[in-house]
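Below is one structure, written out as structure tokens, with a few remarks after it.
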Amino acid sequence: MGDKANAHPGAAGRATAADHPASVRNVVLVGHSGSGKTTLVEALALTAGAVNRAGRVEDGGTVSDYDEIEHRQQRSVQLSLVPVGWDGYKINILDTPGYADFVGELRAGLRAADAALFVVSASDGVDGSTRMVWEECAAVGMPRAIVITHLEAARADFDEMTRICAAAFGADDPDAVLPLYLPLHGPQGPDGHAPVTGLIGLLSQRLFDYSSGERKESEPGPEQLPLIEEARNRLIEGIIAESEDETLMERYLGGEELDFKTLVQDLERAVARGIFFPVLAAAPAAEGAKQGLGTVELLELFTGGFPTPLEREAPTVTTPDGKARQVKACDPNGPLVAEVVKTASDPYVGRVSMVRVFSGTLRPDETVHVSGHGLADRGHEDHDVDERIGALSAPFGKQQRALTHAIAGDLACVAKLSRAETGDTLSSKDDPLLMEPWEMPDPLLPLAIQAHSKADEDKLSQGLSRLVAEDPTMRLEQNQDTHQVVLWCLGEAHADVALERLRNRYGVQVDVVPHKVSLRETFADRSGGRGRHVKQSGGHGQYAICEIEVEPLPGGSGIEFVDKVVGGAVPRQFIPSVEKGVRAQAARGVAAGYALIDVRITLLDGKSHSVDSSDAAFQTAGALALREAAADARIHLLEPVAEVTVLVGDEYVGAVMSDLSGRRGRVIGTEQAGGGRTLVRAEVPEIEIGRYGVDLRSLSHGTARFHRTYARHEPMPAQLAEKIREQTNGNP
């Protein structure tokens, strides 16, 4: 790194279609909100020559409309692609949201990329959510590097932040997280802060000065060489410790001066293998400058140190019916396998899909097969259809630059895929294939909504279907028990964005209503009831009498109907009618309007009339008998209980367990999960954990995760049950 001091920005500038996977780099930027990711993308685009001044493209638009508040907000909550060209390479830069609520967009970026650049603010440090993403990348061996931003802030210290990064990201091997460059400081200002004006390459021992607004190379002065000697020696030792050449360490310790080219090659291999994580520094360009500090070094790292798509393992692929298929990794001439990593709606061109091509070559106007994504449980439709795609393009601000093709390893936007959703697989219509989906976080915050007006009600269904098509982390539920439409989201910000998109993008105004959980009723003890439905008002009458006994059953038993009628008191043809009436009344509830469960209802006796008895009459009598039995019995109101597992750092275990207890939860046990974390298992009433995801994030500073599954229904505390009954009776 650093041997391309005179690389000319703008040589490739605006990236077009790549012709070989080796010339493509897919890099995802990761970091918390406010770390400077979007500003860094602007600076990289400027240095690459894709824009002619900070943040703006040459035709007067902007890189993803950076200077417009509305579009800045969009970029802060969704995955964005900015392709640039540098030194003959096409670099697809994926900018991810920093908010935890939009981790689905982050996961999509990790899926589409081959390497990750972690953006860390010198003024904010490393937060818990960034550590968790680092661990996700480590689990799959993704190459990573770190860039420190906001060095212009008062008290910003590059050396200290490098040590913090080594502690946070290099717990197993701190010498795997080391700087490639040291900052060069200018004169101190009135506040005592010395701005960073350049970088000193530790391997090349060259000085790169950005103070003039353009990178200039020179030799460091004699007074600077001692400052970098210790850092340089440590960097060299860290690189050769990971080298495939076992003789390098012996030669280095023997006093041999290792060749610069050899060190760079070993560095690049160590980074690409995901075992060495260089630290760099960057700052945006000043007004009128041509390059931002450290941007050339980052672009060189992308092209020389990050892996090509050829080095990524082939995805797990099957036929739509589940038969395994072997696909050669990143072969432009192989069978088409591409994946939709993002779906967006454009008011002018309709649905636009961002696609990563893993095998084969995608071309405009060809017919492809769209295979389902396996998220039907979240309200997403399964797909198994052929579709003709529209134009291929590379996004850049408001523009979509036309592409002639997209080869294996490249990213492109596809227009007019009306059925494809995020996570779907595109393949040849003659050879349909399906990629294994990536892991999506569970949406655990319920948002109950209803149409604001009749006009909105007519548009609601279509608006919701489009909304969930764009976002696989959102689950749409039509709750049959509570009759509510529920959007399950990842957090409050996620919910706010969903409402904003419904309102502004799809023209649907909705009202948020309190979310209801599916309560149940059951008998606390044995009871009997008599149903009498006798009416005679001229013409055909109604006559049916039945007697029943109701007794409670263990949880999970449902409703059991038993016939013990003797002597034909209730004719055989009307016994199913009694059962039907009893079950219908049970579904409506007998006390507070919630479904009755876990009881045995025994038909004991009854009376009939040879002319006036009928199916309808005995259905009514059965319902009346159940209601009478309930009137003379104690009825328990049952609430759903969830089994909750919380993965949390050891320092927050006590607070989490105390919080669960305050929610009427029962902690079942804990177990060590490794990495300084504990898994807490508990059973908690669902009515107490509607906002638990939001509260847990605050409690653990964003470092905890939880999962819940339905366990059973069990009786509510009497005081709470009475309160709900009063609310129900007051608001029928």
Using side-chain heavy atoms (C-beta onward) and a distance below 4.5 Å, is [X] in contact with [Y]?
X: D471; Y: V497; result: no
X: Q78; Y: K342; result: yes
X: P83; Y: L411; result: no

How about [X] and [Y]: does a side-chain donor come under 3.5 Å of a side-chain acceptor?
X: T130; Y: D127; result: yes
X: Q509; Y: S453; result: no
X: H150; Y: S121; result: yes

Point to revise | Residues F277, F169; criterion ring-ring contact (aromatic ring centres under 6.0 Å, His included); working and verdict | key: CA-CA 9 Å; F277 316 106; F169 302 139; 8.6 Å; no
Review point. Taking all atoms of both residues into account, what is the closest heavy-atom pair of R501 and L467, and its distance?
Key: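 Scanning both residues, the minimum pair turns out to be CB-CD1, 3.9 Å.
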Practice item. Report the relative orientation of the aromatic rings in Y99 and F102; use parallel for angles under 30°, tilted for 30 to 60°, perpendicular for over 60°. Key: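 Plane angle over 60°, so perpendicular.
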Check your understanding: What residues form a side-chain hydrogen bond (donor to acceptor under 3.5 Å, both in side chains) with D386, not counting sequence neighbours?
Key ->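 side-chain hydrogen bond (donor to acceptor under 3.5 Å, both in side chains) check on D386 returns H369.
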Exercise for review: Look at D114 together with R312 and state whether they make a salt bridge at an N to O cut-off of under 4.0 Å.
Suggested key: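 Yes, charged N to carboxylate O under 4.0 Å.
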Exercise for review: Inspect the contact between R705 and E136 and indicate whether a charged nitrogen and a carboxylate oxygen are less than 4.0 angstrom apart.
Suggested key: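 Judged by the 4.0 Å cut-off on N to carboxylate O distance, E136 and R705 do form a salt bridge.
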**Study point:** Close aromatic pair by centroid cut-off 6.0 Å: W86 and F302
**Key:**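 No: the rings miss the under 6.0 Å criterion.
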Review point. Is the side chain of R107 donor-acceptor paired with the backbone N or O of E439 at a distance under 3.5 Å, no angle test?
Key: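 Yes, R107 side chain to E439 backbone: donor-acceptor pair under 3.5 Å.
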Exercise for review: Check for a donor-acceptor pair, side chain of T47 on one end and backbone N or O of L44 on the other, with a separation under 3.5 Å.
Suggested key: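 Absent.
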Check your understanding: More than 12 non-hydrogen atoms from neighbouring residues, nucleotides or ligands closer than 6.0 Å to NZ on K459, yes or no?
Key ->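 Enclosed.
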**Study point:** The single option from V119, V120, D124 passing side-chain contact (heavy atoms from CB on, under 4.5 Å) against T149
**Key:**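 Output: one option passes, namely V119.
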**Study point:** Contacts of type side chain to side chain contact (heavy atoms under 4.5 Å, CB included), residue A642, not counting sequence neighbours
**Key:**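 By the side chain to side chain contact (heavy atoms under 4.5 Å, CB included) rule, A642 matches V644, E686, I689, R708.
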